[in-house]
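Please read these numbers as outputs of a predicted model, since none were measured by experiment. All chains are named by letter (A, B, ...) in the order of the sequence lines, taking the proteins before the strands, and each is independently numbered beginning at 1.
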There are 2 protein chains.
Amino acid sequence: MNRDEMLKLDNQLCFVLYACSREIIRLYRPVLAELGITYTQYVVLMALWEQEAVTLKELGGRLYLDSGTLTPLLKKMEAAGLITRMRCPEDERNIRILLTLQGRDLKHSAYRIPEKILSMTQITPEDVRHLKGQLNQLLQKIEVNSEK
Amino acid sequence: MNRDEMLKLDNQLCFVLYACSREIIRLYRPVLAELGITYTQYVVLMALWEQEAVTLKELGGRLYLDSGTLTPLLKKMEAAGLITRMRCPEDERNIRILLTLQGRDLKHSAYRIPEKILSMTQITPEDVRHLKGQLNQLLQKIEVNSEK
DNA sequence: TCAAATTAGATTGTATAAAATTAAATTGCT
DNA sequence: AGCAATTTAATTTTATACAATCTAATTTGA
């Protein structure tokens, strides 16, 4: 591939990732709107359904988001009654994120989401597994490299 | 996989896509900053280096971005002297996007970018090709399905 | 023991994204 | 030709993202 080919949009791994990510999130939008949440709020909830009482810092590490994104997002979710935020007594610098009953209950409505999205994409479970594995490997490589 | 497993973050194809996309764009940021552009501006330029004089509508279709994103972005690029925007004489509703000499010349500085990013990710050309193919297939499936 | 360094979170400023709305222009139909 | 329906670009509104900076709490080390 010559240098002009290398700059073509269709030869960019990053561009197809960027486009795919936005297009899939577009599929989620109407489905999540039924629960009154956005995609970012959905990933926060998934993280908390797995492990509650994490700090903002830990949550950010898990989701690859910093306090500049999370602080306003979590304040909105607190105002919506999904979570509570409280300073840790043992170290006042940390904020601990907890689910409210409402936030915990929302999981019941969320159970049907994965299947719904899967049916919209027509992708086979095997392809999902394969693709997910490759992307996780790529993510690992980037993490290792940017720590240097 | 039971329904609780299905809601785990690590089992979401969408989440790894979303995270990967943002992390790779993070790698581009310092590289593109040397040219004085952002990642979105870079994909606009790549599209225009391939085919100039497209309308805003056509550009949006190519990049999966709508006018709400492109209009302010293109105005900024015009202010930076990279492109010009002009109404089509044959159909005044359309805006035609043209590169300036400076915008066209920026391609010379851009030639070294793909290799630079590749070396930062440590991914093999074979893996890139494979992953790119799978993501393009997924993108196609989403497009076909959301047109219904 | 206390000043310096570190850390977590909040704030600020800039840049995307995308839905909804508005305004302008064109097209198709009669 | 004339006008209603359609198309299109731009604008507005809301919600992320993220770098850079700031503040307060904690830890470190001389």
Side-chain angles (χ1 to χ4, degrees), chain A residues 14-15 17-33 36-44 54-80 82-83 85-97 146, chain B residues 14-15 17-33 36-44 54-61 63-80 82 85-97 146:
Chain A
C14 186
F15 175 68
L17 262 170
Y18 166 70
C20 246
S21 167
R22 284 183 296 113
E23 290 302 299
I24 295 193
I25 289 173
R26 189 196 306 280
L27 291 182
Y28 275 90
R29 229 179 302 270
V31 177
L32 294 175
I37 57 176
T38 63
Y39 184 75
T40 323
Q41 292 179 10
Y42 180 54
V43 296
V44 167
V54 292
T55 64
L56 189 150
K57 183 81 174 177
E58 290 165 340
L59 189 60
R62 185 81 181 88
L63 303 178
Y64 304 90
L65 293 170
D66 71 2
S67 71
T69 302
L70 283 177
T71 297
L73 184 70
L74 293 172
K75 281 183 178 176
K76 245 174 280 177
M77 292 178 74
E78 187 173 39
L82 297 173
I83 62 158
R85 305 178 314 132
M86 55 180 289
R87 292 277 168 188
C88 298
E90 66 273 19
D91 185 342
E92 294 274 345
R93 286 172 303 181
N94 296 312
I95 279 203
R96 200 157 289 289
I97 319 291
S146 45
Chain B
C14 187
F15 175 68
L17 264 169
Y18 165 71
C20 243
S21 167
R22 284 183 296 116
E23 290 303 300
I24 294 193
I25 289 173
R26 188 194 308 278
L27 291 184
Y28 275 89
R29 229 180 301 270
V31 179
L32 294 175
I37 58 176
T38 63
Y39 184 74
T40 324
Q41 292 178 10
Y42 179 54
V43 296
V44 166
V54 293
T55 64
L56 190 149
K57 182 81 174 180
E58 290 165 341
L59 189 61
L63 303 178
Y64 302 90
L65 293 170
D66 72 1
S67 72
T69 302
L70 284 177
T71 297
L73 183 72
L74 293 172
K75 280 184 178 176
K76 247 173 276 180
M77 292 177 74
E78 187 174 39
L82 297 173
R85 305 178 313 135
M86 55 179 288
R87 294 276 170 186
C88 298
E90 66 274 19
D91 185 342
E92 294 274 346
R93 286 169 305 182
N94 296 313
I95 282 203
R96 200 158 290 287
I97 318 291
S146 46

For a quick test of reading the model: is some side-chain N or O of [X] closer than 4.0 Å to OP1 or OP2 of [N]?
X	N	value
B:Thr38	C:dA15	no
A:Tyr18	C:dA17	yes
B:Arg29	D:dA19	yes
A:Gln41	D:dA15	no
A:Thr40	D:dA17	yes

Length of the line joining [X]:[atom1] and [N]:[atom2], which is rounded to integer Å:
X	N	atom1	atom2	result
B:Ile24	D:dA17	CD1	P	16 Å
A:Tyr39	C:dA19	OH	P	16 Å
A:Lys76	D:dA15	NZ	P	5 Å
B:Ile25	D:dT16	CD1	P	17 Å
A:Leu74	C:dG9	CG	C1'	11 Å
A:Met86	C:dA10	CE	P	14 Å
B:Ile37	C:dA15	CD1	C1'	14 Å
A:Arg22	D:dT16	CZ	P	16 Å

Between A:Pro89 and B:Gly68, which is nearer to the 5' end of DNA chain D once each is assigned its nearest nucleotide?
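First, find each residue's nearest nucleotide; the 5'-ward one identifies B:Gly68.
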Might you work through the salt bridge (charged side-chain N to carboxylate O under 4.0 Å, His left out) test for B:Glu23 and B:Arg26, ending with a clear yes or no?
CA-CA 5 Å; B:Glu23 290 303 300; B:Arg26 188 194 308 278; 2.8 Å; yes
Which pair of heavy atoms, one from [X] and one from [Y], lies closest together, and at what distance?
X	Y	value
A:Arg87	A:Arg93	NH1-O, 3.1 Å
B:Leu17	A:Ser21	O-CB, 4.0 Å
A:Ile83	A:Leu74	CD1-O, 3.5 Å
A:Leu73	A:Gln41	CD1-CG, 3.8 Å

Once you measure the plane-to-plane angle for B:Tyr64 and A:Phe15, does it fall in the parallel (<30°), tilted (30-60°) or perpendicular (>60°) bin?
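Aromatic pair B:Tyr64/A:Phe15 classed tilted.
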Parallel, tilted or perpendicular: which describes the rings of A:Tyr18 and B:Tyr39, with under 30° parallel and over 60° perpendicular?
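Aromatic pair A:Tyr18/B:Tyr39 classed perpendicular.
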Criterion side chain to side chain contact (heavy atoms under 4.5 Å, CB included) against B:Leu56, the qualifying member of B:Thr71, B:Leu65, B:Asn94
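It is B:Thr71, the one option of B:Thr71, B:Leu65, B:Asn94 that forms the side chain to side chain contact (heavy atoms under 4.5 Å, CB included) with B:Leu56.
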Measure from the side-chain heavy atoms of B:Thr69 and tell me the nearest of C:dA19, C:dA17, D:dT16.
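When the side chain of B:Thr69 is considered, C:dA17 is the closest of C:dA19, C:dA17, D:dT16.
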Return the nearest nucleotide to the side chain of B:Lys75; candidates are C:dA18, D:dT11, C:dT11.
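So the side chain of B:Lys75 is nearest to D:dT11.
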Which is true for A:Leu65 with a 4.0 Å heavy-atom rule: it touches a base, it touches only sugar-phosphate, or it touches nothing?
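Answer is sugar-phosphate: A:Leu65 comes under 4.0 Å of backbone atoms only.
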Which part of the nucleic acid does B:Leu70 contact within heavy-atom distance under 4.0 Å: base, sugar-phosphate only, or nothing?
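Since no nucleic acid heavy atom lies under 4.0 Å of B:Leu70, the category is nothing.
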Between the protein and nucleotides 6-9 of chain D, list the N/O to N/O atom pairs that are separated by less than 3.5 angstrom.
unit_1 : atom_1 : unit_2  : atom_2 : d
D:dT7  : O2     : B:Arg93 : NH1    : 3.4
D:dT8  : O3'    : B:Asn94 : OD1    : 3.3
D:dA9  : OP1    : B:Asn94 : OD1    : 3.3

